[in-house]
Amino acid sequence: MNTDASGIAPRTEPPFTRDERVELTPANEVELAVALAAASGLERSSRAERGRWLRAIADAVEAYRDELVAIAGEETHLSAARLNGEVTRTATQLRFFGDVVDEGSYLEATIDSPDASLIPPRPSLRRMLRPLGVVAVFAASNFPFAFSVLGGDTASALAAGCPVVVKAHPGHPRLSRRITSIARDALAAASGPADALRLVEGMEQGTALVEHPRVTAVGFTGSTRGGRALFDLASARPAPIPFYGELGSINPVVVTRAAVATPAQVAGVAAGLAGSFTRDGGQYCTKPGLVFVPDGAGFEAALVAALEGAADGAGVTGAPQRLLTDGIAAAFDRGSVALAERSDAELVFAGERAADVASPVVVATSAAAFVAAHEAYLEECFGPLTVLVRYGSDEELALALDVLEGSLTASIQLAPDEDVAALADRLVQVAGRLVFNGWPTGVAITWGQHHGGGWPATTASVHTSVGATAIRRWLTPATWQDAPAAVLPPELADGNPLGVPRREDGVLVVPAG
């Protein structure tokens with residue numbers, strides 16, 4: 001029998017058994033989950049405790065890796081190699097946020113000493129960020145581990161001290177229940193509050209969760225249509241709450257003329273694009289869906305050759321892939337056919353169509369046609385499709401870039417020592433992450449990461465869903481003025497007993513060690 005790091009075997013039941021779920025209405029199910037989460041006491045825990053609990057969950061997830069990968073493979077059709085990597089990523093980001101809370105700078109702790117000589121006089125002011133309360137997280141379809149029940153939204157919220165109620169994605173319900181059970185048992189075994197993590201399922205439950213008066217913020221990863229509907233619900237509440245939605249992203253790539261000046265350069269860039277936009281069936285929020293290429297460079301032929309070629313490190317380039325759900329597959333078919341049949345477009349490549357699988361599709365158009373019909377070309381087609389936009393001059397390229405919408409990423413393929421400063425300045429206005437001579441698929445878990453962008457990529461471009469500052473979404477500032485020492489959080493106490501980085505009278509103080 002599998003056991004977690006403590007040696008205790010987790011329960012096999014979900015948080016609600018099927019019999020119990022039948023007896024609950026959607027509204028009552030959400031009410032129970034939110035009430036239990038709110039009563040968990042997580043917000044009163046110390047940063048050291050939360051760091052320890054996050055690491056305990058990470059250990060438990062890895063201990064049950066084989067079982068979880070098997071369930072996820074059955075429900076999502078993703079490869080075991082991909083899912084194993086995602087389990088590792090999930091455990092890594094849980095431990096990463098354990099490090100973030102241990103370090104403490106995310107609190108923005110600030111102390112201003114009283115000074116009666118100033119006009120107006122300055123009282124004693126001590127400021128830091130505190131947890132919002134119960135937050136709702138909507139799991140993603142395309143990352144059943146890393147952006148799902150224990151994804152970055154949940155990890156960062158728990159780190160902040162916010163209990164989480166997750167709305168499971170219908171594409172992998174069994175996995176969602178099992179991983180929730182494992183995480184809750186890991187919390188309990190580590191003397192933590194198991195009810196700090198709850199799970200609900202169903203569309204009605206999702207709506208009720210966003211509207212629940214004790215839910216203080218929402219994290220969402222999914223479609224533009226679904227995200228916008230929930231965003232509007234969150235905004236229409238009597239007391240509106242922040243909605244952090246990651247929605248649709250086209251992730252433009254600009255290939256400069258100098259970057260494909262030789263056949264070898266053309267082949268290299270084309271091979272990179274082929275591997276990136278077809279990876280795991282193109283089911284990535286960072287898939288490069290729009291590529292600006294110089295007219296006459298021979299890029300189309302090189303891309304076709306790459307798609308018809310042999311395997312790369314992520315799988316067989318150009319091979320058909322069964323998509324995550326029937327709905328995603330149907331939407332891909334509709335979107336790819338609509339683009340390929342446009343009178344201003346050329347079908348460059350279409351893999352062999354087969355039942356239950358999607359094959360890569362490449363469509364090309366001119367810069368002028370793209371500008372004239374940019375709304376159609378900027379609509380995300382989730383799956384292995386990319387659009388090539390041919391430009392003949394820098395002026396044509398500039399006009400095409402002017403109609404871009406917000407994206408999570410933008411990329412530039414350039415020649416060594418080529419000056420692309422002006423181009424970079426233009427692209428950084430529409431993208432949260434700018435990639436040079438690389439491909440946007442793959443988002444590192446680091447302090448410097450930003451995974452966000454303007455609408456429709458996200459609903460809050462100043463925030464990120466990956467990286468240390470993802471925790472900022474679940475926090476709100478508070479200032480204690482002339483407060484007695486007994487009521488102050490320990491992070492604001494005299495002498496800095498917890499050793500957190502603080503700004504004291506305008507000077508940043510970072511304790512040694």
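Numbers for residues simply follow the sequence, beginning at 1. Treat the numbers as computed from the prediction; the structure is a model and nothing was measured.
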For a quick check under 3.5 Å, do [X] and [Y] share a side-chain donor-acceptor pair by atom type?
| X | Y | result |
| --- | --- | --- |
| Thr256 | Glu418 | yes |
| Arg433 | Thr286 | no |
| Ser156 | Trp474 | yes |

Tell me, please, which residues at least two apart from Glu49 pass salt bridge (Lys or Arg N to Asp or Glu O under 4.0 Å).
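Salt bridge (Lys or Arg N to Asp or Glu O under 4.0 Å) check on Glu49 returns nothing, list empty.
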Test salt bridge (Lys or Arg N to Asp or Glu O under 4.0 Å) applied to Arg50 - qualifying residues, sequence neighbours left out:
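Counting only residues at least two positions away or on another chain, Arg50 forms no salt bridge (Lys or Arg N to Asp or Glu O under 4.0 Å).
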Is [X] salt-bridged to [Y], going by a charged N under 4.0 Å from an acidic O?
| X | Y | value |
| --- | --- | --- |
| Arg65 | Glu86 | no |
| Glu211 | Arg237 | no |
| Asp232 | Arg228 | yes |
| Lys167 | Glu201 | no |

Given Arg502, Arg472, Arg503, the one that forms salt bridge (charged side-chain N to carboxylate O under 4.0 Å, His left out) with Glu108
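Exactly one candidate clears the test, Arg472.
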With sequence neighbours excluded, give me every ring pair (Phe, Tyr, Trp, His ring centres under 6.0 Å) pair touching residues 156-176.
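Checked against ring pair (Phe, Tyr, Trp, His ring centres under 6.0 Å) - neighbours excluded - the pairs reaching residues 156-176 are His169-His172.
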Residue pairs involving residues 408-434 (criterion ring pair (Phe, Tyr, Trp, His ring centres under 6.0 Å); sequence neighbours excluded):
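Listed once each, the pairs would be none.
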Non-hydrogen atoms of Ser148 and Val137 that approach each other most closely
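Ser148 and Val137 have their closest heavy atoms at O-CG1, 4.5 Å.
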So, for Val389 and Leu290, which heavy atoms are closest and what is the spacing to 0.1 Å?
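Heavy atoms of Val389 and Leu290 come nearest at CG2-CD1, 3.6 Å.
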Would you give me the side-chain donor-acceptor pairs under 3.5 Å for residues 244-251, sequence neighbours excluded?
unit_1	atom_1	unit_2	atom_2	d
Tyr244	OH	Arg473	O	3.3
Glu246	OE1	His451	NE2	3.3
Glu246	OE1	Ser465	OG	3.2
Glu246	OE2	His451	NE2	3.4
Ser249	OG	Asn251	OD1	2.8
Ser249	OG	Leu408	N	2.8
Asn251	OD1	Thr409	N	3.2
Asn251	OD1	Thr409	OG1	3.0
Asn251	ND2	Ser249	O	3.4
Asn251	ND2	Cys285	O	2.8
Asn251	ND2	Lys287	O	3.0

If the condition is side-chain hydrogen bond (donor to acceptor under 3.5 Å, both in side chains), which residues does Thr441 pass it with, not counting sequence neighbours?
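If we apply the side-chain hydrogen bond (donor to acceptor under 3.5 Å, both in side chains) test to Thr441, skipping adjacent residues, the hits are Ser276.
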Knowing that exactly one of [options] qualifies, which makes a side-chain contact (heavy atoms from CB on, under 4.5 Å) with [X]?
| X | options | result |
| --- | --- | --- |
| Ile57 | Asp185, Thr154, Leu94, Ile182 | Leu94 |
| Val135 | Val166, Leu158, Leu209, Val164 | Val164 |
| Val134 | Thr216, Leu36, Val165 | Val165 |

Give the intermediate values and the outcome of salt bridge (charged side-chain N to carboxylate O under 4.0 Å, His left out) for residues Arg52 and Asp102.
CA-CA 9 Å; Arg52 179 168 58 82; Asp102 283 350; over 6 Å; no
CG on Leu508 to OG1 on Thr110, rounded to 0.5 Å:
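Going from OG1 on Thr110 over to CG on Leu508, the span is 9.5 Å.
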Would you say CG of Asp326 has more than 12 non-hydrogen atoms from neighbouring residues, nucleotides or ligands within 6.0 angstrom?
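Not more than 12 within 6.0 Å, no.
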